[in-house]
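First comes the structure, then the notes that go with it.
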Amino acid sequence: MTEPVVFLNRNGLRLFGVLHHPEAGAGKGVGIVVLPAGVKMRIAPCRLYNDMAERWARSGYAVLRFDFAGLGDSEGEAQEELLADLYAAVQSGRYVGDTLAAMDYMHLRLGLGRFILTGLCGGAITALLTAARDSRVDGVLGIGLPVVPERGASDRPRAATRGQAEYLWGSYGNKVMDPGAWARFLTFRTGYRTVARTIWWKLRSLIRRGPGGWLSSEPTDENLHPAVLPAFRGFARGGAHILVMYGGADRHGWEFQEYVGGPHADRLQRLGDRWELHVIPEADHILSGPSWRQEMHRHADDWLRRHFAEQGSREDRTHAGPPDNRWTGVAN
Amino acid sequence: MRELGQAQTKPSTALPEEPFFFPGNGRRLFGVLHRPKGTESGVGIVLCHPFAEEKLWAHRVFVSLARDLAALGHAVLRFDAAGYGDSEGAFAEATLETQVRDSIAAIGQLKVQQPDLRTVGLIGLRLGAAVACMAGARCNDEVRFLILCEPVVNGPRYVQEILRASLASQLATHGRVVQNRSAMIEALNKGLAIQVEGYPVTAQLHGQLAAIDLFAPDTRFHGDVLVLQVDGRQTTVREELQQLASHLDGDVEAVAEDAFWKEIKRYYGRADHMTRAITTWLGQRYD
């Protein structure tokens, strides 16, 4: 059963959401909070979040999808003029407070004290940042987790990864014989900056010039979101579990590999089975294809089963207790 | 929160904005009722949303519009058609016809929630404007006005636009076209669904979209009409919108807004020019 809900965040703003009550028996002892991706509200592109929530509710989880303040149906206003700036604000942790309020609300309504946080893109980074701060979080499922802070479109070529540049170079090969691509190129509908930088990168790699410049052969931590690694390590060390999933064609996945997975492989290895990475071949950032979604669901279901199936019923695991700074405002 | 049926009365303690489910054509439809603030105008408005991902991009503008209208004393119902948002049903089951019928169900629900309304109208954006026009034509005795924002007027051209969007998204994802236009048309002709930016477009939906013709007799609405061209680049109203306004004996106006129903660089939480045009037009007629 789904129930529209309204609850207050810690600034007194009304946040709108939908609570999916568990369908199976007494319900699991851990609740799932699904965090909005970017500006796409609690639905997510192509109703991805509805699919996820309904599936997990059928498995016995209580699931809350809600809108951050200023987005979706919720009160408040986002003041940014550019979308990229709003994404950057999300990635900086603007909505950690709203996520804490959501967990408070689920505790108040359903007596749940342990949570799994999940989301796509901005929702994934919000989940990770919240988990690092609040001991009630037992798991993070991050889809398309951004590890490089959002930049405006004009800066994106500057920060492109080696993998992205290789991908672009390959795609240009296909376009050489494509009249449509030439039509776009000649009528100012192509990203000339991206093309120029990709070609320059390829030429430079061919003549083997040293590292440096806009695309270093050695990714540096300067591009890495400063909170990602500490959040990852701190959260997983506390006994929690992280599953990170990317589409194979998602640039965020390339960034993860080049800035986190590669350079910090040994640190991640020390986390053991506390963290997992799954890449869905050829999938885009929003997992728009049905088969991609199915694979995401299968992998997520398996992860939940392995790590959270024995968490007991809700009755057994109530009153784990929110932190002392909890806020329990309810609007309905 | 509550689930509302046709027989429910207005609650005694009510939030200014209340999300709820209501019955519509055999499904639970999700809606948000924006109660009028201050002196009630007696005007109720149902907002009809655009197609697929355009709905998500335009969502916050709709929310802001609803709040601005409620602040002027109008009652507003925003809702998700079946297969969209939080309403029941799969997107693959949604058609233009189901969206029109759900809009009519929303009109009925608004009148249940706000029984003192004297005037009811529809505001639609893009495909939602076409839906509003078709719903209004079927409910000429119940609906007093239509406001059609950047309406989809020509079905065949709109379908081509949708197919182009699919091609663009294939290029962005795969670096190549996996299913070209001809292959998509062939699939549809065989009764198969195609994927458009993650949404399954069935042959039935495709056929109904291609058949949109707001000049057809069965979409002839007899009430007050405002056609709004929403375009950041053009200040002169396009010929087809002028013709539509003329066909419906309505008014037409151009407002300068970016295409906020698409992914653009600017973040659009509100469309003030569009809102002003709407509230001014309503104020001139129904105050």
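Order of the sequence lines fixes the chain letters, A, B, ..., with proteins taken first and strands second; residue numbering starts at 1 for each chain.
When side chains are defined from C-beta on, A/D73 counts as touching B/R78, because their heavy atoms get closer than 4.5 Å. Counting heavy atoms from C-beta outward, A/L71 and B/H59 have side chains that stay 4.5 Å or more apart. Counting heavy atoms from C-beta outward, B/P16 and A/R14 have side chains that approach closer than 4.5 Å. No side-chain heavy atom of B/I264 sits under 4.5 Å from any side-chain heavy atom of A/L83. Contact annotation: the side chain of A/T2 approaches that of B/F21 to within less than 4.5 Å [non-hydrogen atoms, C-beta and beyond].
Salt-bridge formation is detected for the pair A/K40/B/E53: a Lys NZ or Arg NE/NH1/NH2 atom is positioned less than 4.0 Å from an Asp or Glu carboxylate oxygen.
Judged by distance alone, with hydrogens and angles left aside, the side-chain atoms of B/Y199 form a donor-acceptor pair with the main-chain N or O of A/C46 at under 3.5 Å. Side-chain atoms of B/R60 come within 3.5 Å of backbone atoms of A/G72 as a donor-acceptor pair (strictly under, hydrogens ignored).
With a 4.5 angstrom heavy-atom cutoff, A/R65 touches chain B only via side-chain atoms. Residue contact with chain A, scored on non-hydrogen atoms closer than 4.5 Å, is absent for B/F62. Heavy-atom distances place the side chain of A/L86, and not its backbone, under 4.5 Å from chain B. Proximity to chain B is limited to the side chain of A/N50, based on heavy atoms less than 4.5 angstrom apart. Residue contact with chain A, scored on non-hydrogen atoms closer than 4.5 Å, involves the side chain of B/E263 exclusively. Heavy-atom distances place no part of A/L19 under 4.5 Å from chain B, backbone and side chain included.
Heavy atoms only, all atoms of each residue included: B/Y267 and A/G70 are closest at OH-O, 3.7 Å. Across B/R67 and A/E77, no two heavy atoms sit closer than the pair NH1-OE2, 4.5 Å.
Within a 6.0 Å sphere centred on CD of B/Q160, heavy atoms belonging to other residues, nucleotides or ligands number more than 12.
Note: B/F20 CZ to A/E3 CD = 15.0 Å, rounded to the nearest 0.5 Å. A distance of 10.5 Å separates CG of B/L56 from CZ of A/R42, quoted to the nearest 0.5 Å. For the atom pair CZ (A/R47) and NZ (B/K55), the distance works out to 9.0 Å, reported to the nearest 0.5 Å.
In terms of heavy-atom pairs under 4.5 Å with chain A, the best-connected choice from B/A90, B/S64, B/A66, B/G83 is B/G83. Each of B/R270, B/E197, B/R266 has some count of heavy-atom pairs under 4.5 Å with chain A, and the biggest count is that of B/R266. Among A/G248, A/P45, A/A78, A/G289, the residue making the largest number of heavy-atom pairs under 4.5 Å with chain B is A/P45.
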